[in-house]
**Q** 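Quick one: structure below, then a few questions.
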Amino acid sequence: WLTAREEAARCLPEIPSPDLSAEEVITGIFRGLQFNNVPEQDTGLVRCYNFMDLACKKLVTGYGNVPEERTLEKFLGYAAQSPKLLPFVGAASIRFGETSRIPKTQTRGEIVTMPMRVLPGGKTEERAFMVRLQKQRRPPLAGAYIVTDVIDVATVESISRPLSSE
């Protein structure tokens, strides 16, 4: 038997579409990772592949500089061990924050950022992430939101230095 959330995961969007809001894209991707193997093995990771731009795929996996590394099969192998995605796979809970938006300009589409807190499965401490999307301006994905960045807030905080008081 599937839980209500697992059943809902079966209905998540699988490919980018101009009909999806930024919030629908974000919740679809990360709920999909939470129930990664519903309805089939690695469905959540396949969804990530479909909704991420090349730079984000490279950021998440550490691979993709050459065309041979950009296949779905390679992505699945690398992404399954990615510290940026692993906390979401099988997560006990994911909480989504309010979006912030940067309006489109003549040279790029709208940018949307959403904070998230995730409690990885088997862990007792939540982790904070930010996800950033950009609305595409050119075909074939014109009007669709694509993930451009997944940020582990703890990692950013650990490498930043305090601001000078001067």
Side-chain angles (χ1 to χ4, degrees), residues 5-91 94-118 127-153 156:
R5 285 188 173 176
E6 289 171 322
E7 190 60 43
R10 297 175 70 86
C11 302
L12 294 172
E14 295 182 23
I15 57 171
S17 167
D19 298 329
L20 297 171
S21 70
E23 293 82 1
E24 289 172 318
V25 169
I26 293 169
T27 57
I29 290 169
F30 292 97
R31 287 281 182 228
L33 284 174
Q34 186 176 16
F35 301 101
N36 184 46
N37 296 323
V38 174
E40 297 173 10
Q41 182 75 28
D42 290 332
T43 300
L45 290 173
V46 170
R47 185 177 291 109
C48 283
Y49 181 85
N50 292 337
F51 277 93
M52 290 179 173
D53 69 5
L54 178 60
C56 189
K57 290 173 190 170
K58 288 167 57 174
L59 174 77
V60 164
T61 64
Y63 293 90
N65 287 329
V66 294
E68 299 82 37
E69 296 176 340
R70 298 178 190 164
T71 66
L72 174 60
E73 292 73 26
K74 293 280 188 182
F75 178 84
L76 291 176
Y78 300 135
Q81 302 305 314
S82 171
K84 290 192 178 268
L85 299 182
L86 209 48
F88 294 96
V89 176
I94 301 173
R95 293 187 296 136
F96 299 93
E98 294 294 319
T99 59
S100 61
R101 297 173 183 271
I102 301 173
K104 68 179 182 177
T105 68
Q106 290 187 353
T107 58
R108 60 147 180 82
E110 176 185 46
I111 296 173
V112 178
T113 304
M114 179 185 279
M116 296 180 292
R117 298 199 63 83
V118 60
R127 292 181 57 189
F129 285 83
M130 300 286 284
V131 63
R132 186 170 295 134
L133 303 141
Q134 186 170 340
K135 188 177 257 191
Q136 301 302 289
R137 297 176 46 95
R138 295 190 176 98
L141 298 174
Y145 286 99
I146 300 297
V147 179
T148 59
D149 208 355
V150 178
I151 303 162
D152 181 345
V153 174
V156 174

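Position 1 is the first residue of the sequence, and the numbers go up from there. Excluded from the calculations below are hydrogen atoms, water molecules and symmetry mates; all remaining heavy atoms, backbone and side chain alike, are included.
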**Q** Are Arg31 and Phe88 close enough that some pair of their side-chain heavy atoms sits under 4.5 Å apart?
**A**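 They are not in contact (no side-chain heavy atoms under 4.5 Å apart), so the answer is no.
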**Q** Kindly compute the distance separating CG (Leu12) from OG1 (Thr27), expressed to the nearest 0.5 Å.
**A**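 That separation rounds to 7.0 Å.
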**Q** Between Thr148 and Arg132, is there a donor-acceptor pair closer than 3.5 Å when you use the side chain of the first and the backbone of the second?
**A** yes
**Q** Working to the nearest 0.5 Å, report the span between CE of Met52 and CG of Asp149.
**A** 9.5 Å
**Q** Checking the side chain of Arg70 only, and the main-chain atoms of Gly64 only, is there a donor and an acceptor separated by less than 3.5 Å?
**A**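 Checked: pair present.
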**Q** Which residues pass the ring-ring contact (aromatic ring centres under 6.0 Å, His included) test with Phe96, sequence neighbours left out?
**A** none
**Q** Taking all atoms of both residues into account, what is the closest heavy-atom pair of Lys57 and Thr61, and its distance?
**A** O-OG1, 2.8 Å
**Q** Measure the shortest side-chain to side-chain distance between Lys58 and Asn65 over non-hydrogen atoms and say whether it is less than 4.5 angstrom.
**A** yes
**Q** For Leu72, is the CG atom crowded, meaning more than 12 foreign heavy atoms sit under 6.0 Å from it?
**A** yes
**Q** Only counting residues at least two apart or in another chain, list the ones meeting side-chain hydrogen bond (donor to acceptor under 3.5 Å, both in side chains) with Lys84.
**A**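 Here no residue qualifies.
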**Q** CD/Gln134 to CD/Glu110 distance, rounded to the nearest 0.5 angstrom?
**A**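 If we round to the nearest 0.5 Å, Gln134:CD and Glu110:CD are 9.5 Å apart.
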**Q** Taking all heavy atoms of Ala128 and all of Arg117, pick out the closest pair and write down the distance.
**A**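 Closest approach of Ala128 to Arg117: CB-NH1, 3.2 Å.
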**Q** Does any N or O in the side chain of Arg47 come within less than 3.5 Å of the main-chain N or O of Pro13, such that one atom is a donor and the other an acceptor?
**A** yes
**Q** Under the criterion side-chain contact (heavy atoms from CB on, under 4.5 Å), I'd like the reasoning laid out for Leu33 against Leu85: C-alpha separation, chi angles, the key distance, then a yes or no.
**A** CA-CA 8 Å; Leu33 284 174; Leu85 299 182; 3.9 Å; yes
**Q** Grab the two heavy atoms, one from Pro87 and one from Arg127, that are nearest each other, plus how far apart they are.
**A** CG-NH1, 3.2 Å
**Q** Considering only NZ, NE, NH1 and NH2 on the basic side and carboxylate oxygens on the acidic side, decide whether Glu23 and Arg101 come within less than 4.0 Å.
**A**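 Yes, charged N to carboxylate O under 4.0 Å.
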**Q** Is the distance from the ring center of Tyr145 to that of Phe51 below 6.0 Å?
**A** no
**Q** In the structure I gave you, are the side-chain heavy atoms of Arg108 and Ile102 within less than 4.5 Å of one another anywhere?
**A** yes
**Q** Do the non-hydrogen side-chain atoms of Asn36 and Asp42 ever get within less than 4.5 Å of each other?
**A**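 Yes, close enough: below the 4.5 Å cut-off.
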**Q** Quick one: pull up CG in Leu59 and OG in Ser82 and give me the separation to the nearest 0.5 Å.
**A** 8.0 Å
**Q** Mark yes or no for whether Asn50, through its side chain, and Glu14, through its backbone, hold a donor-acceptor pair below 3.5 Å.
**A** yes
**Q** Using the side-chain hydrogen bond (donor to acceptor under 3.5 Å, both in side chains) criterion, which residues pair with Glu24? Sequence neighbours excluded.
**A**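 If we apply the side-chain hydrogen bond (donor to acceptor under 3.5 Å, both in side chains) test to Glu24, skipping adjacent residues, the hits are Ser21.
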**Q** For Ile29 and Cys48, which heavy atoms make the closest approach, and how far apart are they?
**A** CG2-SG, 3.7 Å
**Q** Report the distance from atom CD1 of Ile94 to atom CZ of Phe30, rounding to the nearest 0.5 Å.
**A**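 Reported value, rounded in 0.5 Å steps: 8.0 Å.
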**Q** Determine whether Leu76 and Val46 make a side-chain contact, defined as any pair of heavy atoms from C-beta on separated by less than 4.5 Å.
**A** yes
**Q** Distance under 6.0 Å and angle within 45° of the ring axis: does Lys74 meet both against Tyr63?
**A** no
**Q** Where is the tightest heavy-atom contact between Pro16 and Leu141, given as atom of each residue plus distance?
**A**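 Closest pair (atom of Pro16, atom of Leu141, distance): CB-CD2, 4.0 Å.
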**Q** Where is the tightest heavy-atom contact between Pro18 and Ala142, given as atom of each residue plus distance?
**A**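 Heavy atoms of Pro18 and Ala142 come nearest at CG-O, 3.4 Å.
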**Q** Do Asp53 and Val147 come within less than 4.5 Å of each other through their side chains, counting heavy atoms only?
**A** no
**Q** Before giving the answer on side-chain contact (heavy atoms from CB on, under 4.5 Å), spell out for Val112 and Ser100 the whole-Å C-alpha distance, their side-chain angles and the decisive distance to 0.1 Å.
**A** CA-CA 6 Å; Val112 178; Ser100 61; over 6 Å; no
**Q** Between Tyr78 and Glu69, do the side chains contain an N or O donor and an N or O acceptor separated by less than 3.5 Å?
**A** no
**Q** Go through the steps to decide whether Met116 and Ile26 satisfy the test side-chain contact (heavy atoms from CB on, under 4.5 Å), and finish with yes or no.
**A** CA-CA 10 Å; Met116 296 180 292; Ile26 293 169; 4.1 Å; yes
**Q** Checking the side chain of Thr43 only, and the main-chain atoms of Asn37 only, is there a donor and an acceptor separated by less than 3.5 Å?
**A**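 No, because the side chain of Thr43 does not come within donor-acceptor range (under 3.5 Å) of the backbone of Asn37.
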